[in-house]
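Letters A, B, ... mirror the listed sequences (proteins, then strands); counts begin at 1. Given the structure is predicted, the values throughout are model-derived calculations rather than measurements. Just the heavy atoms: all of them, side chains too, but no hydrogens, waters or symmetry mates, feed the values below.
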There are 4 protein chains.
Amino acid sequence: MAGSMNKVIIIGRVGQDPKVSYTSSGQAVANFSVATDEGYRDRQTGQKVERTEWHRVVAWRQQAEFVNNYIGKGRLVLVEGKLQTRKWQGQDGQDRYTTEIVADNIQGLDRNPEGQQPGQQQGGYQQQGGYQQNNNYQQSRPQNGNYRQQNNQPPQPEDEDLGPAFPSEASGMDDVPF
Amino acid sequence: MAGSMNKVIIIGRVGQDPKVSYTSSGQAVANFSVATDEGYRDRQTGQKVERTEWHRVVAWRQQAEFVNNYIGKGRLVLVEGKLQTRKWQGQDGQDRYTTEIVADNIQGLDRNPEGQQPGQQQGGYQQQGGYQQNNNYQQSRPQNGNYRQQNNQPPQPEDEDLGPAFPSEASGMDDVPF
Amino acid sequence: MAGSMNKVIIIGRVGQDPKVSYTSSGQAVANFSVATDEGYRDRQTGQKVERTEWHRVVAWRQQAEFVNNYIGKGRLVLVEGKLQTRKWQGQDGQDRYTTEIVADNIQGLDRNPEGQQPGQQQGGYQQQGGYQQNNNYQQSRPQNGNYRQQNNQPPQPEDEDLGPAFPSEASGMDDVPF
Amino acid sequence: MAGSMNKVIIIGRVGQDPKVSYTSSGQAVANFSVATDEGYRDRQTGQKVERTEWHRVVAWRQQAEFVNNYIGKGRLVLVEGKLQTRKWQGQDGQDRYTTEIVADNIQGLDRNPEGQQPGQQQGGYQQQGGYQQNNNYQQSRPQNGNYRQQNNQPPQPEDEDLGPAFPSEASGMDDVPF
DNA sequence: TTTT
DNA sequence: TTTT
């Protein structure tokens, strides 16, 4: 613990609306991806090249609620956190590893595209609504516990606080890590 | 490129002596892992728990030479860099992803255990010797280009600058990501 | 140099249009201030309090030119750099110290309020025009060398690369450091 | 508060034993300075030059107690915190400004020179003893409240949480800011 | 998958 | 795989 630091700071665009779910103990957890861009000059051609790097972000509890309410696809965000590599089992039974940024500070840097004010809860019947696409999240997907039973691939860590559900590899992603 | 940041700062212990190799174009590349520790209090038991996180680090050119000469197993190091996720093919032909810290600043924070001075090159016949375990690296392992032919799993990226050789999965690691 | 780090990262709003000048050797230097906000809960009253912190930023050469062209009052900016404390002589002959962030990375995080494109130079006769308020900077203020003679308070460091002109204390600022 | 970041990370050597005191409400506060080194190549001569930068650090409460117990002159430390500029009145009645790093994370990176274990309190009659030079701190210096009356230069901020006592300019420091 |  |  002493003589140790694990710190990440990224600024970039959110790729898709965050997925927000709740553990069986009621902890909110949000997952989303952020793209950072880097311009560099190719050593061979001398051409300027733009390169995009994608980062998986996980937020828990209050941070997850904030994400649920204010962060959506396309927003410019600041994420500060730490690196964490999770192990999970592929469908072939082999171990896989996924590195994520566990956020402890998330901020929107551009204007909220839906005009919501930070700290202001959306009205209406929905409890954790915010960005519309998240509203039906729990309906369009089985309960967290059930999800694990129905599709134990990729699995949840035994300790619910160790990590959120990993996006299914069956969901059609092929050329990107997440 | 604007409105973008991708920054990582870690301080921790080097797990094994770095692997240093050279691309076919003569670029030095070093790979090593760093452990960071985090103490936290378990929410269930209230007990203090120590948790270790492992980080893969890649260094190129001058940084790789520095690593080769001065960084060895057990050293406390500062690594500053950016996150990069590489795609490679598993033996089963499936895509895998590995996230690494591409270092642009590496420093030893404790005293050099072999008494070498930074900036001071080891004498003798060996060219990039430093930490002894690295000396025979190129002998104990096939040439970079051959390596890829003999064992195309995991493969090198086509662009040699995109990533170093990935540690073989056949090398007996089972429970750790690298 | 080893075992050393001096790193600052701030995100905030630019307080006034940057002052850009040129040293006698032709080096561009930009000075501006950035406000960061911090919300905290007062320990006595339990009330939420907003607190603003002002940071002096100095940028040199290419960074200064970028500032001159794209950064103006009110913009949300990211500044990455290092801390540096400069010594200068007050009118009373006593030593004063000013701490600044010497920037090595400056980015605008909101939309450029004047519609300029990064990397795109403004047309017209003016050489380093950009934000209009900077255009006449060198006219509204004496030459760098003269400035020091006319008003040796606060003075320029002898080495022109050590620091830019310090804002005059006679300029009406009273409750803020700059 | 949103769209704002104020972050500093330094690694360097502690210049003198920290000064630890207590506010009238019993809050511990520690003040010390840290040197960071930077090597660069002089643009005129082409010579390598080493430059030392000094940073004032302030720590409160638990961090101050940790400093009191484990941090002394010469130690290599990591300090993470935020920048804060305090205003105070010089003996001439003029405003002065001092920029400090308000620490929220302090770690010793080398071995504790007095063999103390972190978390282990020194035995004996002294309450917050640790580094010996701090033991008599409260005796060698008047009470915080009295100190301000006897020597209102430089003064304490009215709100005790805004900042610790500033080192007297009469104390013989001439060429360094603190 | 984002965005300029 | 590190280290305290």
Side-chain angles (χ1 to χ4, degrees), chain A residues 1-6 10-19 31-39 48 50-57 71-77 79 85 108-110 113 133 167 171-178, chain B residues 1-6 10-19 31-39 48 50-57 71-77 79 85 108-110 113 133 167 171-178, chain C residues 70 107-112 115-120, chain D residues 70 107-112 115-120:
Chain A
M1 190 174 173
S4 199
M5 172 171 262
N6 178 0
I10 61 169
I11 295 173
R13 298 274 170 189
V14 175
Q16 289 294 315
D17 287 311
K19 306 295 185 221
N31 290 270
F32 60 104
S33 293
V34 173
T36 57
D37 293 317
E38 177 192 16
K48 278 188 190 172
E50 185 95 343
R51 197 178 164 288
T52 296
E53 186 71 35
W54 286 96
H55 309 266
R56 277 185 65 89
V57 179
I71 303 300
K73 171 179 176 177
R75 281 209 77 182
L76 183 67
V77 291
V79 176
T85 297
L109 296 179
D110 51 8
Q133 53 286 354
S171 66
M173 298 183 300
D174 41 71
D175 205 41
V176 288
F178 38 81
Chain B
M1 191 177 170
S4 198
M5 171 171 262
N6 178 359
I10 63 170
I11 295 173
R13 298 276 170 189
V14 175
Q16 289 295 315
D17 287 311
K19 306 297 185 219
N31 290 270
F32 60 104
S33 294
V34 173
T36 56
D37 293 318
E38 177 192 17
K48 279 188 191 173
E50 185 96 345
R51 197 179 165 287
T52 296
E53 185 71 36
W54 287 95
H55 310 266
R56 277 184 67 89
V57 179
I71 303 300
K73 172 179 175 178
R75 281 209 77 181
L76 183 68
V77 292
V79 176
T85 297
L109 297 179
D110 50 8
Q133 53 287 355
S171 67
M173 298 184 298
D174 41 72
D175 205 41
V176 287
F178 38 83
Chain C
Y70 302 110
Q107 295 180 30
L109 297 179
D110 51 7
R111 206 67 304 282
N112 193 324
Q116 299 170 352
Q117 299 305 313
Q120 179 187 25
Chain D
Y70 301 111
Q107 296 180 29
L109 296 179
D110 51 8
R111 205 68 302 284
N112 192 325
Q116 299 169 352
Q117 298 307 312
Q120 179 187 26

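- Checked against R13(B) for a side chain to side chain donor-acceptor pair (under 3.5 Å), the options D110(B), D37(B), T52(B) give a single hit: D110(B).
- Here the nucleotide nearest the side chain of W54(B), chosen from dT1(F), dT1(E), dT3(E), is dT1(F).
- Between dT1(F), dT3(F), dT2(E), one nucleotide has an atom nearer to the side chain of A35(A) than all others, and that is dT2(E).
- Per the geometry, CG belonging to N6(A) stands 19 Å off P belonging to dT3(F), to the nearest Å.
- Between E50(B) and K48(B), none of the side-chain N atoms (NZ, or NE/NH1/NH2) sits under 4.0 Å from a carboxylate O, so this pair counts as no salt bridge.
- Atom CG of N31(B) is separated from atom P of dT2(F) by 18 Å (rounded to the nearest Å).
- With rounding to whole Å, K48(B) atom NZ is found 19 Å from dT4(F) atom P.
- Of the candidates dT1(F), dT3(E), dT1(E), the closest approach to any side-chain atom of R13(A) belongs to dT3(E).
- For the pair E53(B) CD and dT2(F) P, the interatomic distance rounds to 16 Å; values are reported in whole Å.
- Separating the NE2 atom of H55(A) from the P atom of dT1(E) is a distance of 18 Å, rounded to the nearest angstrom.
- Here the shortest heavy-atom pairing between W54(B) and S33(B) reads CE3-CB, 4.0 Å.
- Distances were taken from every side-chain heavy atom of S33(B) (C-beta onward) to each of dT3(F), dT2(E), dT1(F); the shortest belongs to dT1(F).
- Atom pair E50(B):CD and dT3(F):C1' shows a separation of 10 Å (rounding to whole Å applied).
- One interatomic measurement links the two molecules: CE of M5(B) to P of dT3(E), which rounds to 22 Å at whole-angstrom precision.
- Listed here is the closest heavy atom pair of E53(A) and T85(B): OE2-N, 2.5 Å.
- T52(A) comes within contact range of at least one nucleobase, with a heavy-atom separation under 4.0 Å.
- If you take CD of Q107(C) and P of dT3(E), they are 18 Å apart, rounded to a whole angstrom.
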